[in-house]
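Beneath this line is the structure, given in structure tokens, with notes to follow.
Numbering of ligands and ligand atoms starts at 1, following listing order.
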Amino acid sequence: MRIHGGDRKAKLDFSSNINPLAPPESVYRVLRICLESKVLEMYPDYRYEELRKAISKFYKCDEENVIPTNGAHEAINLAIIALNPKRIVVVEPSYGEYEDLSRTLGIEYTPLLYRRRDNEFYLELEDFEEFCNDRDTLIVVTNPSNPLGIYIDKQVLLNKLSRCRARVLIDEAYTELCSTCPIEIGFSTPENVVIVRSMTKWLGLPGLRLGFLYTSSRELLNRIDILRQPWNVNSLAECLAIEFFNRFENDVKKFIEISRKFIDEERGRVSQELRNLGFKVFRSVTNFILVEIPNGLNVVDMLRREGVAVRSCSSFKGLGPDFIRIAIRKREENDILIKLLREVYRV
Ligand SMILES: Cc1ncc(COP(=O)(O)O)c(C=O)c1O
């Protein structure tokens, strides 16, 4: 069974990782412009020329190497099906869909676990060695990691993995919400690497579905172009992204900057409050935190009875029922969560 964060019935949902300041007000202005220009009455551009151009201008990369997708998740599906590896090595804990997809497609799945020392998780780059030289292996890293919130310097990661014969998928769904992560993709992505980006998290539009993948491998681009359904990104999402990146580029940059600053501050405050309650809070660079709480499942249930959803990490490899993931939301919403926990732990 697929397990995801996101609880539509909760009064307050800390279980899915959406930018707490999103969507920016301008999104609705742009959506209105798009609707008034009757985009829903047209097919999207099959080749997404303008969209690829707008994405590549914003992310400073080559438009020929961009494939827009219906959320980051479609990019993941397409890349894995097109690469057709014999084995998928996933740096775990990670987004659970990688394991589910591997198993469903009959691909051997191998977890490569983050190590833990002094109560912090870290990745030992040497651990890639065993898998690096096998052309039939796909190595997957979510960076920043979901659910750990750790970021591995992209250049360090690329220096290590670009020398491999194995192919590599780096899932950067949370880049815009991490102040130490480079937003730009640049023009020198190695041929064996696929980058996946999401525009649903930072823009706060998970229902619109928009993301893209980036690779400089011509062969892979051609395969994916044939595998994807012809109009895989709907015309409203297509129009929004084109208008947003072209007409509001500076506003978008400012919005990302403000979001990152807010998240950093609020994450620091919430983490400290939770530490004051005696919980182990792991260091994170993005818009969610991993917390270790004895009897975490009871806490999840108790909060849920109050209409508050947090993500139990019992389904994540290497974690378990004592771990929960909490998204950073607006200040007053975070205060409600802290107050509820304080009442239970009577501090
Ligand atoms: C690491 C990671 N990658 C991809 C996705 C899918 O994102 P999207 O909504 O853009 O499909 C998620 C969603 O939770 C995620 O956590």
Stepwise, does the side-chain contact (heavy atoms from CB on, under 4.5 Å) test hold for L221 with E219?
CA-CA 6 Å; L221 286 165; E219 190 195 335; over 6 Å; no
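For ligand 1, the polar-atom distance check against Y95 finds no nitrogen or oxygen pair separated by under 3.5 Å. The shortest N or O to N or O distance between S198 and ligand 1 is under 3.5 Å.
Judged as a ring-ring contact (aromatic ring centres under 6.0 Å, His included), the pairs with a partner in residues 156-191 (not counting sequence neighbours) are, in order, Y174-F288. Residue pairs meeting the ring-ring contact (aromatic ring centres under 6.0 Å, His included) criterion with at least one member in residues 217-242, sequence neighbours excluded: Y43-W231.
Among S16, G96, A72, the residue whose heavy atom lies closest to atom 8 (P) of ligand 1 is A72. When H73, M199, K201, R209 are checked for heavy-atom proximity to atom 9 (O) of ligand 1, R209 turns out nearest.
Interface atoms of ligand 1 facing T200, defined by a heavy-atom separation under 4.0 Å, are 8 (P), 9 (O), 10 (O). The ligand atoms of ligand 1 that sit less than 4.0 angstrom from a heavy atom of G71 are 10 (O), 11 (O).
Within a 6.0 Å sphere centred on CD of E50, heavy atoms belonging to other residues, nucleotides or ligands number 12 at most.
Scanning all heavy atoms of the two residues, the minimum distance from R311 to S15 falls at N-CB, 3.8 Å.
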